[in-house]
Structures are given as C-alpha cells and as structure tokens.
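In listed order, ligands and their atoms are each counted from 1. Values reported hereafter were calculated over all heavy atoms of this structure, with side chains retained and with hydrogens, waters and symmetry mates removed.
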Amino acid sequence: MELVFATNNLHKLSEIRHILQNINIQILSLKDIACFDEIPETAPTLEGNALQKAHYIYDKFGRNCFADDTGLEVDALNGAPGVYSARYAGEGCNFDDNINKLLLELGQTTNREACFKTVIALIIDGKEYLFHGEVSGKILTERKGAEGFGYDPVFLPDGHNKTFAEMDAATKNALSHRYKATQQLLQFLKHQNQVK
Ligand code: ITT
C-alpha cells in the first residue's frame, strides 16, 4: 500500500522509512506528491496537531496519509517544551537554539526526568486513527553525540548509557517513541489486512 507521510522534517521521514523498511508499505514524501506547503500546526495538543497535519494533506490531495507530532516533556519544566518543542526558542529557531534554551531553563536542577511522546494520526478513506509511543529518560547537562536530530544529544533514554545522538540509526529506531508509535500503526494496518 501507499501512504503519504505529512512531514516537512526529513529526519522523521528517514527514521520512519528505516523503521518500515521491510514492510510492504511505500512511504511517499510531500515532495513525492509535489506538496511544498508549510502545513499549519496550531492545535494545543500533540493529537490535535497530528490530526491537523494529516487532514491538511488528505483534504487537499485526497491521499491516504499519516502525520507525526512529537514533543519532549520535561518534568521540572511542568511538561515544557511539550507541544511547542519545535519552536521552543522562538519562531525560526534551530535545534541548537532549542537545546541551549532547555539547558538554560534547567540550569543545575537535579530532577532531569523527561519523556519523548509521539502521536501518529492516520487517515484512511476519510477515517481518523491515532497511535501513541513514548520513551522516558533524562536530560543531560551537556550534549553528547552527533547522530539523530532535535533534542537527541541531551536525551539519555532510561536503561541505556548512550544518548539518542550517540546511537546509530538502527539502535535509536528500534527503541524510540517514533518506533513505538509506528509499531502501533503497523499492528493496526495488519489487523485491517492493509499490509502483511
Ligand atoms: P513536521 O511537523 O513537519 O512533521 P516538525 O519538526 O515541526 O516536523 P514536530 O512539530 O513534531 O515536528 O516538532 C517536534 C520537534 O521536537 C522537532 O522539531 C524536534 O526538534 C523535536 N523532535 C521530534 N522528534 C524527535 C526525536 O526523535 N529526537 C529528538 N528530537 C525530536
């Protein structure tokens, strides 16, 4: 089957393609369907944003599709940056700015507990479905590693001694929040006999 992945984040695209590499689903990018739009994400929740992004593509292009909205929730910051993870340091900021702001806000706080949450919204033939995945971990006081993207250099998943940015793609993609949400999606598609 074919599914459009409604994302402008090429790191996410590559991770999802990697996670689903041996499955008979062809993941089309926005470029593949000649969509070059800035897709709005103005909802106050991960679920709302994931649905908003998937609906934008389904409504405009009539293609079965899914979107991923992800947030890093930090306990000592009352769940921030959460749904605002992409724009934490302001409009037009980059991954580095966001990490700088996170480390500044946390300072020497000893409670470094955090959680990555991914919500995937799938739209097939106009029907909506939501899938969730999360990973708990800790925010380090400095960056470690150069793989991955976003907050990966400062996120140490529980039970591991490497940050997501110190892991190779195969390792991160076998345990991440995105992997877990994608497994839920896959189980659903198998149940529906959409994939084997
Ligand atoms: P799309 O909306 O186009 O999919 P985006 O980058 O805006 O791309 P989100 O709205 O889900 O995606 O923003 C989540 C931000 O959280 C993202 O920009 C990264 O900074 C960060 N993020 C998401 N997944 C991550 C991961 O696996 N590892 C580290 N940081 C991640």
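Atoms of ligand 1 lying under 4.0 Å from any heavy atom of T70, numbered from 1 in the order shown and given with element: 11 (O), 13 (O), 14 (C), 23 (C), 24 (N). Applying the 4.0 Å criterion to heavy atoms of F116 picks out, from ligand 1, the atoms 28 (N), 29 (C), 30 (N), 31 (C). Close approach of ligand 1 to K172 (heavy-atom distance below 4.0 Å) involves ligand atoms 26 (C), 27 (O), 28 (N). The atoms of ligand 1 that sit less than 4.0 Å from any heavy atom of N9 are 3 (O), 6 (O), 8 (O). The distance from ligand 1 to the heavy atoms of T7 drops below 4.0 Å at these ligand atoms: 1 (P), 3 (O), 4 (O), 8 (O).
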(request) Show the numbers, then the answer: is there a side chain to side chain donor-acceptor pair (under 3.5 Å) between Q52 and T42? (result) CA-CA 8 Å; Q52 189 180 16; T42 53; 2.9 Å; yes

(request) Could you give me the CA-CA distance, side-chain angles and deciding distance for R143 and D96, then say whether salt bridge (charged side-chain N to carboxylate O under 4.0 Å, His left out) is met? (result) CA-CA 10 Å; R143 293 164 171 81; D96 233 26; 3.1 Å; yes

(request) Test D68 against T70 for side chain to side chain donor-acceptor pair (under 3.5 Å), laying out the working first. (result) CA-CA 6 Å; D68 155 325; T70 296; 2.7 Å; yes

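In this structure, the protein non-hydrogen atom closest to atom 12 (O) of ligand 1 is K12 NZ, 2.8 Å. Residue, atom and distance of the protein heavy atom nearest to atom 16 (O) of ligand 1 are S85 CB, 3.5 Å. In this structure, atom 19 (C) of ligand 1 lies nearest to the protein heavy atom F95 CE2, 3.9 Å. Nearest non-hydrogen protein atom to atom 30 (N) of ligand 1 is Y151 N, 3.1 Å. Of the protein's non-hydrogen atoms, E41 OE2, 3.3 Å is the one closest to atom 7 (O) of ligand 1. Of all protein heavy atoms, the one closest to atom 3 (O) of ligand 1 is N8 N, 2.8 Å. Atom 24 (N) of ligand 1 has its closest protein heavy atom at R178 NH2, 2.9 Å. The shortest contact between atom 13 (O) of ligand 1 and any protein heavy atom is with A86 CB, 3.4 Å.
The two atoms that bring A181 and F131 nearest to each other are O-CB, 3.8 Å, heavy atoms only.
The backbone N or O of E113 sits less than 3.5 Å from a side-chain atom of N111, completing a donor-acceptor pair. Distance alone, capped at 3.5 Å, is enough to place a donor-acceptor pair between the N173 side chain and the A169 backbone.
Side-chain contact between H160 and M167 is present, with at least one heavy-atom pair separated by less than 4.5 Å.
Taking any N or O of N98, backbone or side chain, none lies under 3.5 Å from an N or O belonging to ligand 1.
Not counting sequence neighbours, the partners of Y56 by the side-chain hydrogen bond (donor to acceptor under 3.5 Å, both in side chains) test are D37.
Within the 4.0 Å heavy-atom criterion, the part of K53 lying near ligand 1 is the side chain and not the backbone. Of all the heavy atoms of F149, the ones lying under 4.0 Å from any atom of ligand 1 are found in both the backbone and the side chain.
The six-membered or imidazole ring of F95 lies near that of H11, with a centre-to-centre distance under 6.0 Å.
Tested against D152, the residues K172, K144, R178, K162 include a single salt bridge (Lys or Arg N to Asp or Glu O under 4.0 Å) partner, K172.
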